[in-house]
Amino acid sequence: MAGAKEIRSKIASIKSTQKITRAMELIAASRIPKAIARVTASKPYSAKLVEVISNVGTATGGASHILLERREVETVGIVIISSDRGLAGAYATNIIRMAEQAMARHRAAGRDVVLYAIGKKAKAHFEYRNYRVERSWLGVTDTPGYGDARSIANTVLDSFASGVVDSVEAYYTRFESALTQTPTGYELLPVTARESSDEKMAVSYEYEPSPAEILDRLLPRYVEATIYSMLLEASASEHSARRRSMKAATDNAEELIKNLT
């Protein structure tokens, strides 16, 4: 049985830790509404891009574009959006595990894999296991900006256009609610022109310059917007996961203090 002095020392230590977890919980909670607002604000732009690309694609009469080109897949680019910081429960682990399973399937099918890691957790995980990370972006997951999305998009677009990779898959955590976040895989390249959900709202445009030139400008913007949307959803998911994790730690500390007292 521990002595009274030892118990008091342990209580003081747990209270000190509890203050930290409580502060981190409050910080995460304060960031969630802003992150959700950014996710919501980005959706109309992405939806309109999909609509316009669908209309322009129809107007081109089936004209090809390198970003729409489907070819035999020998090398797959894997974009993994994790986190830069820990203390968010299994948030980073879940998405890394999902990406690892996809990589295993590709390698079993005889395909090479090129990794693009976003966040220190993914970079450290794969480098520790001797995977070659082609490019990494650090310090962007907490509050991502459009410039970060453009940098990532330019890298994967160049790799796809030059034939370094034949397709690109992105793995991120989709934000559904403050309580639910879902690890998700998404085929980023080649671009698949998705149909508008409301066909009766289809618009007939007059094009200047030609539809092919407009498509050439729009498709890279679409990839940028898609990556930006993923970064925002991942950021909102990370803050929500960290708030839950820190609340659980704070509650556990409170229970320990009661028992020790």
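Here the structure is a predicted model, which is why all the values come from computation and not from measurement.
- With respect to the salt-bridge test (charged N to carboxylate O, under 4.0 angstrom), the residues Glu238 and Lys121 do not qualify.
- Note: Glu255 CD to Leu260 CG = 10.5 Å, rounded to the nearest 0.5 Å.
- Leu26 contributes atom CG, which lies 9.5 Å from atom OG1 of Thr21 (distance to the nearest 0.5 angstrom).
- Relative ring orientation between Tyr146 and Tyr228 is described as perpendicular, the plane-to-plane angle rising above 60° on a 0-90° scale split at 30° and 60°.
- The shortest non-hydrogen separation linking Arg85 to Arg31 is NH2-NH1, 3.4 Å.
- Scanning both residues, Ala236 and Ile36, for their nearest heavy atoms gives CB-N, 4.5 Å.
- The distance from atom OG of Ser30 to atom NE2 of His239, rounded to the nearest 0.5 Å, is 8.5 Å.
- When the shell of 6.0 Å around CZ of Arg8 is examined, it contains 12 or fewer heavy atoms from other residues, nucleotides or ligands.
- Under the 4.5 Å side-chain heavy-atom criterion for ILVMFWY residues, no single connected hydrophobic cluster contains both Phe160 and Val133.
- Nearest heavy-atom pair, Leu219 versus His65, reported as atom, atom and distance to 0.1 Å: CD1-ND1, 3.5 Å.
- Taking CG of Leu138 as the start and CG of Asp84 as the end, the distance is 6.0 Å to the nearest 0.5 Å.
- If you take CG on Leu232 and OG1 on Thr141, they are separated by 12.0 Å, rounding to the nearest 0.5 Å.
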Review point. Under the side chain to side chain contact (heavy atoms under 4.5 Å, CB included) criterion, do Ile152 and Leu231 qualify, and how do the steps go?
Key: CA-CA 11 Å; Ile152 297 164; Leu231 289 173; 4.1 Å; yes

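- Look at Glu233 and Arg174 and you find no salt bridge, because none of the NZ, NE, NH1 or NH2 atoms lies under 4.0 Å from a carboxylate O.
- Here CG of Leu189 is found 10.0 Å from CZ of Arg70. Values are rounded to the nearest 0.5 Å.
- At least one test fails for Arg97 against the ring of Tyr171: distance under 6.0 Å to the centre or angle within 45° of the axis.
- The minimum heavy-atom distance between Ile81 and Ala234, with the atom names listed, is CG2-CB, 3.6 Å.
- Ile11 and Ile257 make their closest contact through CG2-CG2, 4.3 Å (heavy atoms, listed as atom of the first residue, atom of the second, distance).
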